[in-house]
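Here's the structure, in structure tokens; my notes come after.
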Amino acid sequence: MRKPFISANWKMNKTVDESVDFMKAFVPFVKDSLDVEIVIAPPFTSLFILNSLIKDTNIRLAAQNVFYEEKGAYTGEISPSMLINVGCSYVIIGHSERRQYFFETDEIVNKKIKLARRYELGVIMCIGESLSEREAGKTFDVLKRQVVEGLKDISSNGIVIAYEPIWAIGTGKTATTAQAQEAHEFIRKELQNIFGDKAQEVRILYGGSVTPENIDDLMACPDVDGALVGGASLKPDSFARIVNFKRR
Ligand code: PGA
């Protein structure tokens, strides 16, 4: 059985003070949600303080990015050991916004995953097609390429996949449950080719306009094991409702 995995992705939102306010309000909402893995990915600047607030809770921290070198002259970059030092259990790698605005290729994604795993950071690897790729019938080609190249020479341990169709991110336009299940099933088949039966243990999250209103339907899909949530994760009550989704 795959334990459901629900992660907030705050992107470039919340100061330290705002992060603390969120966490103080959020912890009581989810203190009994022990059958879900709960993760928050705040900006780097809030990791240190949030780490002190989540001690003795069931909440884990993720970073939104990491670099593929261990240390040195890389102005502005952050290493895996720095993330571990401030309490991160996971790191998001290859988010479509990083691929789009910061030119991250599958090769860069792969290098980042390799170093993160060497330090035993869990990895949430994001993949997903654009609207034009979907309309051109290339969705599965894109997903296959991102999975195969992103996971080259990597074992399944500590890997979580987030399927995030770019056209659904921040647009209020969620994939239908049929579209999500179809993509997740395809991704799991690709994982099976790479990891063999271990593919059954890999959590595949859906991301893209997840809300308290659509989470229950999405989680009812057999291959949807969780969610990566942007906009709806910024408010404690709304993210708590997503974490406490209703099982069908
Ligand atoms: P959204 O973002 O929930 O605001 O669509 C999801 C994501 O990009 O991870």
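Note that ligands are numbered from 1 as they come in the structure, with each ligand's atoms numbered from 1 the same way. In this text, all values refer to a predicted model and were calculated from it rather than measured experimentally.
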> Do any nitrogen or oxygen atoms of S209 come within less than 3.5 Å of a nitrogen or oxygen of ligand 1?
Replying inline: yes

Can I get a per-line list of side-chain donor-acceptor pairs under 3.5 Å for residues 229-236, giving both atom names and the distance, sequence neighbours left out?
unit_1, atom_1, unit_2, atom_2, d
S233, OG, V229, O, 3.0
S233, OG, G230, O, 2.7

>> Does only the side chain of A168 get under 4.0 Å from ligand 1, or the backbone, or both, or neither? Count heavy atoms.
In response: backbone

> For atom 2 (O) of ligand 1, what's the nearest protein heavy atom and its distance?
Replying inline: K11 NZ, 3.3 Å

> Would R247 count as a cation-pi partner of F245, with NZ or CZ less than 6.0 Å from the six-membered ring centre and within 45° of the ring normal?
Replying inline: yes

> Got the closest protein heavy atom to atom 4 (O) of ligand 1, with its distance?
Replying inline: G231 N, 2.9 Å

> Any idea which part of N9 is under 4.0 Å from ligand 1, heavy-atom wise: side chain, backbone, both or neither?
Replying inline: side chain

> Should the heavy atoms of other residues, nucleotides or ligands under 6.0 Å from CD of E107 be counted, would the total exceed 12?
Replying inline: no

>> Once rounded to the nearest 0.5 Å, what's the spacing between atom CD of Q181 and atom CD of Q179?
In response: 12.5 Å

>> Using a 4.0 Å cutoff against the non-hydrogen atoms of H95, which atoms of ligand 1 qualify?
In response: 7 (C), 8 (O), 9 (O)

> Do E37 and K3 sit within salt-bridge range, that is, some charged N less than 4.0 Å from a carboxylate O?
Replying inline: no

> Quick one: side chain to side chain donor-acceptor pair (under 3.5 Å) partners of K114, sequence neighbours excluded?
Replying inline: N110

> So, D217 versus T177: side-chain donor-acceptor pair below 3.5 Å or not?
Replying inline: no

> So is G208 close enough to ligand 1, meaning a heavy atom under 4.0 angstrom away?
Replying inline: yes

>> I want to know if ligand 1 touches G170 in the polar sense, i.e. an N/O pair below 3.5 angstrom.
In response: yes

> So which heavy atom in the protein is nearest atom 9 (O) of ligand 1, and how far is it from that ligand atom?
Replying inline: E164 OE2, 2.7 Å

>> What protein heavy atom lies closest to atom 3 (O) of ligand 1? Include the residue and the distance to one decimal.
In response: G230 N, 2.9 Å

